[in-house]
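When a ligand or atom number is given, it counts from 1 through the structure's own listing order. Please read all numbers here as calculations on a predicted model, not as lab measurements. Side chains are part of it too, since the values below use all heavy atoms of this structure and drop only hydrogens, waters and symmetry mates.
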Amino acid sequence: MPALGYTYDDHLPADFSAQSLRHDVRTGLTTPRKWLPPKWFYDKVGSELFEDITALREYYPTRTERAILDESASAIVAAAGVDTLVELGSGSSEKTRLLLDAMLDRADGGAERRRHGGAAADPIASYVALDVSEDALRSACAALVGSYPRLRVGAMRADFTHHLELLPAGKPMTVAFLGSTIGNFEPAERATFLRALRAQLGEHDHFLLGADLVKSTDVLVPAYDDAAGVTAAFNLNLLDVLNHSLRADFDRTAFDHVVVWDSQNEWIEMRLRATRDMVVHLPDLDLDVHFDRGEDVRTEISAKFRRESLTAELAAAGFIGRGWWTDQRQWFSLSLWGTA
Ligand code: SAH
Ligand code: AVI
C-alpha cells in the first residue's frame, strides 16, 4: 500500500498549465467573439468555489443528483455489475460515496461467500478518480482512504478531452461522468468525447452519465447567477488564473458576471463582460488584447438535455441504454449505458 494510502499518477506534462493554457488563451482571445474553455476555472480557489456553489440554495443540480443516487445507487450498481469505478472530472468525489457504498455492499456479499482466509482489510473494490485539479484529487482521495479501508483508491491527474486512452484496462469497469460536466462541452466536442470514450470501453464496461435536464428559466438562470455572488466569484476567478499563470494584468473589477439562457441551443452561457474599453497585456504570450466596453468573453456553456436527443447522441457514439433514473420533478438524470 503506498504511503498516502492511494496511488497518484500525474499524466499532465510539467508545462501543461503553461503550454495548453497559452494555446487556449491565444486561440480564444484573438477571435472576434472571445471565449475561454471552462477547464481553467479549477485551480485551488476555483475548485473550492465550485464546492461552495454546490451548497447554494439556487444550485439544484448537485443536490438533485445526490437525491437520485440516494434512492437508486444500489440499483445502478446492480445493473452495472462491476467493482471498479473510474470517475471523470471527479472533483470532491462526494456524491460518488453513494456509489462506493453500494459497490462495497455488493462486493462484500460476494467476498463473504468467496472468503478463503483473506485479511479483513483486503481491497474488495477499486476507485480511480481522474481530474485536472491536483488539489481536488488529493483532498478527495485522502478523505476516501480514511473512510473506506476496503477500497483501492487511485488518483489520475489527466485531461479527459485528451487522455482517455489512459483508462485502466483489464477488469470490467464503470466509467462515471457525474454533475452534468458533459454539458460543459460544445456539441461537436461532446460527440468527439463520447466516441473516444466508447472506443476505450470493452463489452462488459458501462458508462454512468449525470445530465441536467431542460427546465424553466426561472430555475435555470438563478442557478448560475446566485444572490450571494458565489458563481460570479467562480467566473471572475478565471481572470486571476490568467493573471497568476500568464502574468496577465486583467482588472477583475472591470468585468461583470453575465448569465444568458440560449433557448435555441438550450444551454446556459456564462460570460465576463468588459465594463470599459481597455487593453489587457499578456506578456507570456507576447499579446495585447483589446476589449470594447460591453464586449463579452464566453467562459462556459452548460447545456441542458432531453432524454430523446441525449439517447440519440449516445446511440450515435455506439452506446446502448441500460437504465434511466430521474427525480420526481425530472430536473436531472442519471443514465447507464452499455456497449454490447
Ligand atoms: N464531478 C463533480 C465535480 C464537477 S466540477 C461533481 O459532480 O460535483 C467539474 C470537475 O471536472 C472539476 O473537478 C474540474 O477540475 C474537472 N475538469 C474540468 N475539465 C476537465 C478536463 N478537461 N479533464 C479532467 N478534469 C476536468
Ligand atoms: C461542472 N459543471 C457541470 C458546472 C455546471 O453547472 O455547468 C459548473 C458551474 N458553472 C457555474 N456553476 C457551476
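Contacts between S90 and ligand 1 below 4.0 angstrom, taking non-hydrogen atoms only, involve the backbone exclusively. Proximity of E94 to ligand 1, defined as any heavy-atom pair under 4.0 Å, is not found for any part of the residue. With a 4.0 Å cut-off on non-hydrogen atoms, Y42 touches ligand 2 through its side chain and not its backbone. Under 4.0 Å from ligand 2, the heavy atoms of Y224 that appear belong solely to its side chain.
Taking atom 19 (N) of ligand 1 as the reference point, the nearest protein heavy-atom neighbour is K39 CB, 3.4 Å. Among all non-hydrogen protein atoms, the one lying nearest atom 10 (C) of ligand 1 is G89 O, 3.6 Å. In terms of protein heavy-atom proximity, atom 2 (N) of ligand 2 is closest to N184 OD1, 2.9 Å. Of the protein's non-hydrogen atoms, the one nearest atom 4 (C) of ligand 2 is Y59 OH, 3.4 Å. For atom 7 (O) of ligand 2, the closest non-hydrogen atom on the protein side is S302 OG, 2.7 Å. When hydrogens are left out, the protein atom nearest atom 22 (N) of ligand 1 is D159 OD1, 2.8 Å; that is the closest non-hydrogen contact.
Under a cut-off of 6.0 angstrom, the local environment of NE2 in H23 is sparse, with at most 12 non-hydrogen atoms contributed by other residues, nucleotides or ligands. Crowding of E71 atom CD: a count of heavy atoms from other residues, nucleotides or ligands under 6.0 Å not exceeding 12. When the shell of 6.0 Å around CD of E308 is examined, it contains 12 or fewer heavy atoms from other residues, nucleotides or ligands.
Atom numbering of ligand 2 starts at 1 in the shown order; those under 4.0 Å from a heavy atom of S180 are 3 (C). Applying the 4.0 Å criterion to heavy atoms of T181 picks out, from ligand 1, the atoms 4 (C), 9 (C). The contact set between ligand 1 and G179, taken as ligand atoms under 4.0 Å from a residue heavy atom, comprises 7 (O). Residue G179 approaches ligand 2 through these ligand atoms, each under 4.0 Å from one of its heavy atoms: 3 (C). Near A158, the atoms of ligand 1 lying under 4.0 angstrom from a non-hydrogen atom of the residue are 23 (N), 24 (C). Atoms of ligand 1 found under 4.0 Å from any heavy atom of K95, numbered from 1 in the order shown, are 6 (C), 7 (O), 8 (O). Near V132, meaning under 4.0 Å from any of its heavy atoms, are these atoms of ligand 1: 15 (O), 17 (N), 20 (C), 21 (C), 23 (N), 24 (C), 25 (N), 26 (C).
Considering backbone and side-chain N/O of T181, none are found under 3.5 Å from N/O of ligand 2.
Across the listed options T96, D43, D131, D131 owns the non-hydrogen atom lying nearest to atom 16 (C) of ligand 1. When E58, K39, E300 are ranked by how near their heavy atoms come to atom 11 (C) of ligand 2, first place goes to E300. With distances taken over non-hydrogen atoms, the option nearest atom 24 (C) of ligand 1 out of F177, F160, F41, F50 is F160.
Using a 4.0 Å cut-off between charged side-chain N and carboxylate O, E65 and K95 make a salt bridge. A salt bridge is defined here as a Lys NZ or Arg NE, NH1 or NH2 lying under 4.0 Å from an Asp or Glu carboxylate O, and D256 with R273 fails to meet this definition. Of the charged side-chain nitrogens involved, at least one lies within less than 4.0 Å of a carboxylate oxygen, so that E269 and R271 count as a salt-bridged pair. A salt bridge is defined here as a Lys NZ or Arg NE, NH1 or NH2 lying under 4.0 Å from an Asp or Glu carboxylate O, and K215 with D212 meets this definition. Between D159 and K39 there is a salt bridge, with a side-chain nitrogen of the basic residue lying less than 4.0 Å from a carboxylate oxygen of the acidic one. Salt-bridge formation is not detected for the pair K44/D135: no Lys NZ or Arg NE/NH1/NH2 atom is positioned less than 4.0 Å from an Asp or Glu carboxylate oxygen.
Minimum heavy-atom separation, D327 to F332: OD1-N, 2.9 Å.
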Chi angles and distances behind the salt bridge (Lys or Arg N to Asp or Glu O under 4.0 Å) call for R293, D277: CA-CA 5 Å; R293 181 163 182 256; D277 290 353; over 6 Å; no
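Ring geometry for F160 versus F177: interplanar angle over 60°, hence perpendicular rather than tilted (30 to 60°).
Note on L201 and L336: separate hydrophobic clusters, where clusters join Ile, Leu, Val, Met, Phe, Trp and Tyr whose side-chain heavy atoms are under 4.5 Å apart, directly or indirectly.
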